[in-house]
**Student:** 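Can you keep this structure in mind? I'll have questions shortly.
Any value given below was found using the heavy atoms of this structure, including those in side chains, with hydrogens, waters and symmetry copies removed.
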Amino acid sequence: MTTFPGGTSLSFLDVYDDPAPDGVVGGSPHLHLASTECYVVVGGEGELHTVTLDGCREIPLRSGSVVWFTPGTIHRAVNHGGLRVVVLMANAGLPEAGDAVMTFPRDVVADPDRYLAAATLPPRATEAERAADARKRRDLAVEGFLPLRDALRNGDPAPLREFHAAAASLVRERAGSWASIVRDGPLAQAEATLALTGDLSLGQAPHLRRAAVFHSPERRSFGMCGRLSPVDVTRAEPAVTRAEADEEHAQ
């Protein structure tokens with residue numbers, strides 16, 4: 001029960017504030033194959049552009065907006081000024097394991113080696129170099145996104161269906177390890193909670209003696225949609241529990 005609530009992950013996102021080649025300011029369009037994502041807007045204004053087989057949407061974002069979207073939703077965060085978002089992601093660990101696929105052009109998505117080279121930000125000595133690499137990656141994703149969106153707007157879902165198939169093919173080999181991430185994260189937490197409710201139904205609460213508080217060290221990186229400050233639950237630092245404090249005091 002020491003993982004983040006619900007086996008989810010949480011990050012603070014400052015959406016990129018420079019324009020892509022189409023003049024739209026924001027992040028890299030992409031989708032997740034197995035995880036639902038939620039945006040809670042805490043500052044600034046913008047839009048969430050989405051593409052699904054149901055159509056294209058442009059959802060306004062402002063402080064207090066809450067929007068979530070299921071696997072397969074291509075989404076693009078658009079920044080109209082100071083857009084800052086708390087991102088909640090189902091299945092903590094899956095995005096880091098390759099659950100996300102960016103909308104690079106079809107020839108790149110069809111080639112696993114080219115996709116990996118385009119998606120990976122290489123080590124750089126300076127912040128400016130890392131920012132330039134992130135911008136290049138974002139621009140390539142926008143290049144592939146626009147034909148998908150425009151074809152769907154014109155009533156042709158074939159390119160989007162083709163992208164779905166290519167994305168699934170890209171992750172096929174690594175997806176075999178994802179089941180363990182789900183079992184050890186959200187499923188394990190749900191099962192632990194079920195066990196607690198069983199104890200409580202008997203008027204017992206032994207788990208309360210193990211109560212603890214955790215906090216995560218801060219870190220910052222270049223994400224797909226902007227500057228990302230993820231809460232790293234794998235390195236969360238436990239505070240001393242009340243039981244441990246009492247025991248130390250007794251000694």
**Student:** Determine whether more than 12 heavy atoms belonging to other residues, nucleotides or ligands lie under 6.0 Å from atom CZ of Arg106.
**Tutor:**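 No, because the 6.0 Å sphere around CZ of Arg106 holds 12 heavy atoms or fewer from other groups.
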
**Student:** If you look at every heavy atom in Asp139 and Ala20, which pair is closest and at what distance?
**Tutor:**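 Closest approach of Asp139 to Ala20: OD1-CA, 3.7 Å.
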
**Student:** Kindly give the heavy-atom pair with the smallest separation between Ala90 and Ser35, and that separation in Å.
**Tutor:** O-OG, 3.3 Å

**Student:** Would you say that Pro71 contacts Thr36 through its side chain, given a criterion of any heavy-atom pair below 4.5 Å between the two side chains?
**Tutor:** yes

**Student:** Is there a path of hydrophobic side-chain contacts, each under 4.5 Å between heavy atoms of I/L/V/M/F/W/Y residues, joining Val171 to Met224?
**Tutor:**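 Result: yes, single cluster for both.
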
**Student:** Are Val66 and Leu61 connected, step by step, through hydrophobic side chains (Ile, Leu, Val, Met, Phe, Trp, Tyr) whose heavy atoms are closer than 4.5 Å?
**Tutor:**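 No.
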
**Student:** So which heavy atom on Ile181 is nearest to which on Gly93, and how close?
**Tutor:** CD1-O, 3.9 Å

**Student:** Evaluate the criterion side-chain contact (heavy atoms from CB on, under 4.5 Å) for residue pair Trp178 and Asp99; output intermediate values, then yes/no.
**Tutor:** CA-CA 9 Å; Trp178 291 358; Asp99 170 52; 4.2 Å; yes

**Student:** Could you tell me whether a side-chain N or O of Arg130 sits under 3.5 Å from a main-chain N or O of Arg124, the two making a donor and an acceptor?
**Tutor:** yes

**Student:** Ignoring hydrogens and geometry, is there a side-chain-to-backbone donor-acceptor pair from Asn91 to Ala34 under 3.5 Å?
**Tutor:** yes

**Student:** As a quick check of understanding, evaluate side-chain contact (heavy atoms from CB on, under 4.5 Å) for Phe4 and Phe214, giving each step before the final call.
**Tutor:** CA-CA 9 Å; Phe4 197 78; Phe214 294 83; over 6 Å; no

**Student:** For the pair Ser201 (side chain) and Gly198 (backbone), establish whether a donor and an acceptor sit closer than 3.5 Å, ignoring hydrogens and angles.
**Tutor:**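 A pair under 3.5 Å: yes.
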
**Student:** Answer yes or no: is there a side-chain heavy-atom contact under 4.5 Å between Met89 and Thr8?
**Tutor:**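 Result no, sub-4.5 Å side-chain heavy-atom pair not found.
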
**Student:** Between Val51 and Leu160, is there a side-chain heavy-atom distance shorter than 4.5 Å?
**Tutor:** yes

**Student:** If hydrophobic clusters are built from ILVMFWY residues whose side chains come within less than 4.5 Å, do Leu194 and Leu187 share one?
**Tutor:**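 Looking at the clustering, Leu187 is in a separate group from Leu194.
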
**Student:** Is there a side-chain contact between Glu37 and Thr70 in this structure, where contact means two heavy atoms from C-beta onward sitting under 4.5 Å apart?
**Tutor:** no

**Student:** Output, in order, the C-alpha distance, side-chain angles, deciding distance and verdict of side chain to side chain donor-acceptor pair (under 3.5 Å) for His49 and His75.
**Tutor:** CA-CA 6 Å; His49 292 186; His75 51 285; over 6 Å; no

**Student:** Side-chain heavy atoms nearer than 4.5 Å, only ILVMFWY residues, links allowed to pass through others: does that put Ile59 and Leu13 together?
**Tutor:**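 In one cluster with Ile59: Leu13, yes.
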
**Student:** Say whether Glu162 and His164, considering side chains only, have a donor N or O and an acceptor N or O under 3.5 Å apart.
**Tutor:** no

**Student:** Looking at Thr103 and Ala141, would you say the former's side chain and the latter's main chain have a donor-acceptor pair under 3.5 Å?
**Tutor:** yes

**Student:** Where is the tightest heavy-atom contact between Ala167 and Val109, given as atom of each residue plus distance?
**Tutor:** N-CG1, 4.4 Å

**Student:** Can you get from Leu10 to Val42 by hopping between Ile, Leu, Val, Met, Phe, Trp and Tyr side chains that sit under 4.5 Å apart?
**Tutor:** yes

**Student:** Between Glu143 and Arg137, is a salt bridge (charged side-chain N to carboxylate O under 4.0 Å, His left out) present by the stated rule, with each step listed?
**Tutor:** CA-CA 10 Å; Glu143 180 183 334; Arg137 181 176 68 176; over 6 Å; no

**Student:** With a 4.5 Å cut-off on side-chain heavy atoms, are Arg149 and Val142 touching?
**Tutor:**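 Side-chain contact under 4.5 Å: no.
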
**Student:** With Val15, which of Leu83, Val41, Val78 fulfils side chain to side chain contact (heavy atoms under 4.5 Å, CB included)?
**Tutor:**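 Output: one option passes, namely Leu83.
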
**Student:** If only atom types and distance count, is the side chain of Arg174 paired as donor or acceptor with the main-chain N or O of Gly98 below 3.5 Å?
**Tutor:**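 Here the side-chain-to-backbone pair exists.
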
**Student:** For a quick test of reading the model, state the closest non-hydrogen atom pair linking Gly27 to Tyr16 and the distance between them.
**Tutor:** CA-CD1, 4.1 Å

**Student:** Determine, for Arg135 against Glu129, whether the closest basic-nitrogen to carboxylate-oxygen distance falls under 4.0 angstrom.
**Tutor:**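 No salt bridge links Arg135 with Glu129.
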
**Student:** Between atom CZ of Phe12 and atom CZ of Arg227, what is the distance when rounded to the nearest 0.5 Å?
**Tutor:**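 Output value for this atom pair is 15.0 Å.
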
**Student:** Taking the side chain as C-beta and beyond, is there a heavy-atom pair between Leu53 and Arg161 under 4.5 Å?
**Tutor:**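 Yes, close enough: below the 4.5 Å cut-off.
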
**Student:** Between His30 (side chain) and Ser28 (backbone), is there a donor-acceptor pair under 3.5 Å?
**Tutor:** yes

**Student:** Is the backbone N or O of Leu121 less than 3.5 Å from a side-chain atom of Asp133, with the two atoms forming a donor-acceptor pair by type?
**Tutor:**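 Not at all, since once roles are kept as given, no pair shorter than 3.5 Å links the two residues.
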
**Student:** Check for a donor-acceptor pair, side chain of Thr193 on one end and backbone N or O of Gln189 on the other, with a separation under 3.5 Å.
**Tutor:**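 Answer holds: yes.
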
**Student:** Closest heavy-atom contact between Cys56 and Leu152?
**Tutor:** SG-CD2, 3.9 Å

**Student:** Drop me the distance from Arg153's CZ to Leu146's CG, to the nearest 0.5 angstrom.
**Tutor:** 9.0 Å

**Student:** Would you say Thr120's side chain and Leu116's backbone share a donor-acceptor pair under 3.5 angstrom?
**Tutor:** yes

**Student:** A side-chain contact here means heavy atoms from C-beta on lying under 4.5 Å apart; do Arg138 and Met102 qualify?
**Tutor:**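 A side-chain contact is absent here, since even the closest heavy-atom pair is not under 4.5 Å.
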
**Student:** Under the 3.5 angstrom rule, does the side chain of Tyr39 hit a backbone N or O of Ala77 as a donor-acceptor pair?
**Tutor:**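 Judged by distance alone, no pair lies under 3.5 Å.
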
**Student:** Roughly how far apart are Leu31 CG and Thr50 OG1, rounded to 0.5 Å?
**Tutor:**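 Rounded to the nearest 0.5 Å, the CG-OG1 separation comes out at 12.0 Å.
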
**Student:** What distance do Ser65 atom OG and Glu47 atom CD have between them, rounded to the nearest 0.5 Å?
**Tutor:**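 One gets 11.0 Å once the value is rounded to the nearest 0.5 Å.
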
**Student:** Does the side chain of Ile74 reach to within under 4.5 Å of the side chain of Phe145, using non-hydrogen atoms?
**Tutor:**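 The answer is yes, as the side chains (C-beta and beyond) meet within the 4.5 Å cut-off.
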
